[in-house]
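Quick notes on the structure that follows.
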Number of protein chains: 2
Amino acid sequence: MVDPDGPTPVYVQIADIIQQRIEAGELQPNRPIPSELALQQEFGVARGTARRAVELLRDRGLVFTVPQRGTFVADRPADDA
Amino acid sequence: MVDPDGPTPVYVQIADIIQQRIEAGELQPNRPIPSELALQQEFGVARGTARRAVELLRDRGLVFTVPQRGTFVADRPADDA
DNA sequence: ACTCATTTGTCCGTATGTATG
DNA sequence: GCATACATACGGACAAATGAG
């Protein structure tokens, strides 16, 4: 799934994969994405790495995090007007 | 200097302190801010915490980082037009 | 060309706190 | 009280690029 030896950081790879799922409609607006623990297990990475991936998705505006609740797909997955 | 038990996260406190130094002119545009190691030692925190503080300053647009070189005070410390 | 020190980038593992259900 | 989940913080490790010598 992810390549630790590739030129792209693992947390970026994970963020890219989740972004694809969002764009593919597998993860829908206002629905939660997998928890940090779930991502950690799915991709075989440490919690910090899973967190970085989610942070990156927030930076991209694709998701929003509600403390103590989870991280959810933003209303507008990709574009605007 | 920083209060680990206060309501404000340590990395935010450190970012605030550095911001004050920038605004006070102690750290000048295009000049480097202390390295992560220096911040780590000065504030007695782990490197991850020092990094978080610098990240926050980047988010605020106060500094820019050049990989393997250092982090520098942005040209325009605060405003724009 | 090479070595050394510096500095940021990434990653792992762990612990504690806080909030929700 | 317990389980889940994010937030913060600590510690250590290795890689890559830069710059000084």
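Summarising the geometry, the separation between CZ on B/Phe72 and P on C/dT7 is reported as 10 Å, rounded to the nearest angstrom. Residue B/Phe64 contributes atom CZ, which lies 15 Å from atom C1' of C/dT7 at whole-angstrom precision. Atom CZ of B/Arg58 is separated from atom P of C/dT8 by 9 Å (rounded to the nearest Å). Rounding to whole angstrom units, CG of residue A/Leu39 and C1' of C/dC11 are separated by 16 Å. The CD atom of B/Glu36 sits 15 Å away from the C1' atom of D/dG12 (whole-angstrom rounding). Atom CD1 in B/Ile14 sits about 13 Å away from atom P in D/dT8, given to the nearest Å. B/Leu37 has its CG atom 14 Å from the C1' atom of D/dG12, to the nearest Å. For B/Phe43 and D/dC10, the CZ to P distance is 12 Å, given to the nearest whole Å.
For the contact set between residues 44-54 of chain A and DNA chain D, defined by any heavy atom under 4.0 Å, the members are A/Arg51.
Taking CG of A/Leu62 as the reference point, atom CD of A/Glu23 lies at 7.0 Å (rounded to 0.5 Å). Remark: A/Arg60 CZ to A/Ile22 CD1 distance equals 9.5 Å, nearest 0.5 Å. For the atom pair A/Ile14 CD1 and A/Arg52 CZ, the distance stands at 12.5 Å (nearest 0.5 Å).
Listed pair B/Tyr11 / D/dT8 meets the phosphate criterion, a side-chain N or O lying under 4.0 Å from OP1 or OP2.
In the hydrophobic clustering of this structure, B/Val2 groups with B/Leu27; members are Ile, Leu, Val, Met, Phe, Trp, Tyr whose side-chain heavy atoms approach within less than 4.5 Å, directly or through other members.
Two residues are said to be in side-chain contact when any heavy atoms from C-beta on lie closer than 4.5 Å; B/Leu39 and B/Ile18 meet this criterion.
Residue pairs meeting the side chain to side chain donor-acceptor pair (under 3.5 Å) criterion with at least one partner in residues 28-38 of chain B, sequence neighbours excluded, are B/Asn30-B/Asp75, B/Glu36-B/Arg47, B/Glu36-B/Arg51.
Closest to the B/Pro9 side chain, of the nucleotides D/dA9, C/dT8, D/dA5, is D/dA9.
Below the 3.5 angstrom threshold, one finds no donor paired with an acceptor across the side chain of B/Gln68 and the base of D/dT18.
A donor-acceptor pair under 3.5 Å is formed between the side chain of A/Gln13 and the backbone N or O of A/Thr8.
Toward the 5′ end of DNA chain D lies the nearest nucleotide of B/Gln40, the other residue of the pair B/Gln40 and B/Pro67 mapping further downstream.
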